[in-house]
Undergrad: 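Provided herewith is a single structure, encoded as structure tokens, for subsequent inquiry.
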Amino acid sequence: MSAENTETPTHVVVVGGGPGGYEAALVARSLGARVTLVERQGMGGAAVLTDVVPSKTLIATAEWMTIADRAPELGIRVPDQLDLTGDVSVSLATGNIPVVSPYLAASPTPGAAGTPEATRPASDLKHFVDLRAVNARVLALAGAQSADIRGRLEREGVEIVTGTGRLDGPGRVVVDVPGGGTRSLEADAVLLALGATPRTLPTAVPDGDRILTWTQVYNLTELPERLIVVGSGVTGAEFAGAYNALGADVVLVSSRDRVLPGEDEDAAELLEGVFRSRGMTVMSRSRAESAVRTDDGVAVTLADGRVVHGSHVLIAVGAVPSTEGLGLEEAGVRLSASGHVVVDKVSRTSVRGVYAAGDCTGVLPLASVAAMQGRIAMHHALGGGVSPLALGTVAANIFTAPEIATVGYSEERLKAQGSRYITTTLPLARNPRAKMLGMRDGFVKLFAHPEAGVVLGGVVVAPRASELIFPVTLAVQHRLTVDDVASAFTIYPSLSGSIAEAARVLDARVTPH
Ligand SMILES: Cc1cc2nc3c(=O)[nH]c(=O)nc-3n(C[C@H](O)[C@H](O)[C@H](O)COP(=O)(O)OP(=O)(O)OC[C@H]3O[C@@H](n4cnc5c(N)ncnc54)[C@H](O)[C@@H]3O)c2cc1C
């Protein structure tokens, strides 16, 4: 199926314009194929329109609030004379002064450090959050990014078809176009990048007003008085943390022993402690069974009969692949019991010429992985060099405060497979830069082979851990040793100094044969 040396270029039809689809479309064009991309919602997919971009933009505002939390400790006075009920709303959409500035603009109270007013709880800052403006910015940013992606695809010569695509046998995609009618596309190769949608419970049907999925929160014009978040996985934890920082009263309902099941245990425990210390109610081993509207809010009933009342509830209990009713099984595409498309490491499905990428495959629900699967599929389909998908080096981040970034082997996996490893954990509170910034919650943890000294994995829990993890990712990707990492210069003072320091600690414990 090589795109080269043929008179008629290979025709690739991509269904789904998220990271799995649009990245692949660009690669296929660069390899000389004619490419048609079918999308029913908007370019960039759920990643850009409802999931990654909106949530991280909301969290960016929440991050400012978390930083403001540290203001009194850093000598920024918060005078008690400030009238919090006055008109102090700030428009983030217009790029005006950030949310903390009204505090800073007010006249400082000399010598007030350590006085009650200097340690005003962060929740008071909620008076400065104009959620309507925050959400307007979120949606504008997502819309602009979607338009950018569309522009790029068009410039590269990708034909975009708006509508819902379905397979009509292995080599044909039929598109139901808006307003009625269909369009039939013959394809030499098809890439299914269909994504997923929020899982809902029949006993907690989202109404977009009080009972919400994560795609619906951006319609809120006011901060929820009391937000119940059902689900303590990555999505639930990120939203619970963000709304808590923005000033909402948050109850996190978790069916498990702790938040973030499956993540590094120390990191999850630390985060749960931070959540509680910020006033969040974390209900562990509490399975939510139903959510209904009441006169003035919502009532969430737990499996043990307890009822939690709130103004709003966010249901974050996972996602279901968008694979139903699209003729996949009829065309011979194998689906798993959960409805995901079964793929191999080069993104092939059970049908020759049909590939799949991203969340519809259930391999690893990350935008970066979706894009990689899509690129690999196109290289395979169009005869380019292919390296099979390697998940061992994927870096992932949980955008809470502090953030939790991981790469390589987790401790759980090292233990489960009986691997020998050495590890060390350096608390952030010992790092000089962290002390200067007033940061206490976090750590750097590395795992290495006890004899070869090769870095096997790492966990960074810190503000902006997503940026700090990169040297560890490089080490894991290129099989660097703790000696390699330890001998590189770091800036003094810097948070990344803790990564080199952790490597030094381990280097001293490596015992070569
Ligand atoms: C709240 C939240 C936050 C997240 N944050 C991050 C993050 O910070 N970093 C990260 O890496 N990942 C994050 N993720 C995961 C990330 O969103 C997904 O892994 C990523 O979107 C997967 O890309 P995709 O291309 O498979 O699917 P999507 O982005 O879902 O795109 C699929 C597209 O296919 C379209 N489509 C589906 N069926 C059809 C059809 N039949 N015809 C036409 N079009 C169709 C849909 O309309 C959609 O636009 C987050 C997820 C959630 C829920």
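Remember, it's a predicted structure, so these values are computed and weren't measured experimentally.
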Undergrad: Could you tell me whether a side-chain N or O of S336 sits under 3.5 Å from a main-chain N or O of V342, the two making a donor and an acceptor?
TA: no
Undergrad: Quick one: does R440's side chain have a donor or acceptor within less than 3.5 Å of a partner on A429's backbone?
TA: no
Undergrad: Taking side chain as C-beta onward, heavy atoms only, is V274 less than 4.5 Å from P402?
TA: yes
Undergrad: If I take atom OH from residue Y243 and atom CG from residue L314, how far apart are they, to the nearest 0.5 angstrom?
TA: 7.5 Å
Undergrad: Count the heavy atoms belonging to other residues, nucleotides or ligands that lie under 6.0 Å from NZ of K56, then report whether that count exceeds 12.
TA: yes
Undergrad: If only atom types and distance count, is the side chain of R199 paired as donor or acceptor with the main-chain N or O of V317 below 3.5 Å?
TA: yes
Undergrad: Could you tell me which residues satisfy side chain to side chain donor-acceptor pair (under 3.5 Å) with S487, sequence neighbours excluded, listed by chain and number?
TA: none
Undergrad: Take R285 and D304 through the salt bridge (charged side-chain N to carboxylate O under 4.0 Å, His left out) test and state the conclusion after the steps.
TA: CA-CA 10 Å; R285 293 181 293 279; D304 61 11; over 6 Å; no
Undergrad: Applying the side-chain hydrogen bond (donor to acceptor under 3.5 Å, both in side chains) test to K445, which of T425, D266, T423 qualifies?
TA: D266
Undergrad: Using modelled atom types and a 3.5 Å cut-off, is there a donor and acceptor pairing between side-chain atoms of D484 and backbone atoms of T481?
TA: yes
Undergrad: Would you call I315 and L212 a side-chain contact if the rule is heavy atoms closer than 4.5 Å?
TA: no
Undergrad: Would R258 and E272 pass as an ion pair if we require N to O under 4.0 Å?
TA: no
Undergrad: Any salt bridge linking R430 with E501? Criterion: basic side-chain nitrogen under 4.0 Å from a carboxylate oxygen.
TA: no
Undergrad: Distance-only, no hydrogens or angles: does the S286 side chain make a donor-acceptor pair with backbone N or O of S284 under 3.5 Å?
TA: yes
Undergrad: What I'd like to find out is whether the side chain of T213 reaches to under 4.5 Å of the side chain of Q216, using heavy atoms alone.
TA: yes
Undergrad: Whether the side chain of S254 engages the backbone of M283 through a donor-acceptor N/O pair (distance < 3.5 Å, no angle test) should be reported.
TA: no
Undergrad: So, S410 versus E412: side-chain donor-acceptor pair below 3.5 Å or not?
TA: no
Undergrad: Evaluate whether atom CZ of R509 has more than 12 neighbouring non-hydrogen atoms of other residues, nucleotides or ligands under 6.0 angstrom away.
TA: yes
Undergrad: When the ring planes of F447 and Y421 are compared, do they come out parallel, tilted or perpendicular, using 30° and 60° as the limits?
TA: perpendicular
Undergrad: Looking at E263 and A268, would you say the former's side chain and the latter's main chain have a donor-acceptor pair under 3.5 Å?
TA: no
Undergrad: For the CG atom of L26 and the CG atom of L37, what is their distance to the nearest 0.5 Å?
TA: 9.0 Å
Undergrad: Return a table of donor-acceptor pairs under 3.5 angstrom between the side chains of residues 382-389 and protein atoms on other chains or two or more places apart.
TA:
none

Undergrad: What distance separates Y218 OH from T57 OG1, expressed to the nearest 0.5 Å?
TA: 7.5 Å
Undergrad: Let's go through L252 and L227 carefully: what are the C-alpha distance in whole Å and the side-chain angles of both, what is the deciding distance for side chain to side chain contact (heavy atoms under 4.5 Å, CB included) to 0.1 Å, and is it a yes or a no?
TA: CA-CA 8 Å; L252 181 57; L227 176 67; over 6 Å; no
Undergrad: Near M43 CE, under 6.0 Å, is it more than 12 heavy atoms from other residues, nucleotides or ligands?
TA: yes
Undergrad: To the nearest 0.5 Å, what is the distance between CG (L428) and CE (M439)?
TA: 7.0 Å
Undergrad: Is a salt bridge present between D483 and R504, judged by a nitrogen-to-oxygen distance below 4.0 Å?
TA: no
Undergrad: I'd like to know whether OH of Y409 has more than 12 heavy-atom contacts from other residues, nucleotides or ligands below 6.0 angstrom.
TA: no
Undergrad: Does the side chain to side chain contact (heavy atoms under 4.5 Å, CB included) test come out yes or no for V363 and L391, once each step is laid out?
TA: CA-CA 9 Å; V363 169; L391 294 176; 3.7 Å; yes
Undergrad: Could you check whether T400 and E238, counting side-chain N and O atoms only, form a donor-acceptor pair closer than 3.5 Å?
TA: no
Undergrad: Inspect the surroundings of CZ in R70 and state if more than 12 heavy atoms from other residues, nucleotides or ligands are less than 6.0 Å away.
TA: yes
Undergrad: Using the side chain to side chain contact (heavy atoms under 4.5 Å, CB included) definition, which of the options V444, V461, L495 pairs with L468?
TA: L495
Undergrad: Is the backbone of T511 close enough, under 3.5 Å, to the side chain of E451 for a donor and an acceptor to pair up by distance?
TA: no
Undergrad: Answer whether the closest heavy-atom distance between the side chains of M378 and V35 falls below 4.5 Å.
TA: no
Undergrad: Can you tell me if Y492 uses its side chain to pair, donor with acceptor, with the backbone of G497 under 3.5 Å?
TA: no
Undergrad: Taking side chain to side chain contact (heavy atoms under 4.5 Å, CB included) as the test, write out the residues that go with R287, two or more places apart.
TA: S255, A303
Undergrad: Quick one: does V472's side chain get under 4.5 Å of L474's, heavy atoms only?
TA: no
Undergrad: Within a radius of less than 6.0 Å around CD of E269, do more than 12 heavy atoms belonging to other residues, nucleotides or ligands occur?
TA: yes
Undergrad: Without swapping roles, check the side chain of S350 against the backbone of R334 for a donor-acceptor pair under 3.5 Å.
TA: yes
Undergrad: Quick one: pull up CD1 in I499 and CD1 in I469 and give me the separation to the nearest 0.5 Å.
TA: 6.5 Å
Undergrad: In Å, rounded to the nearest 0.5 Å, how long is the span from CD1 of I404 to CG of L271?
TA: 4.5 Å
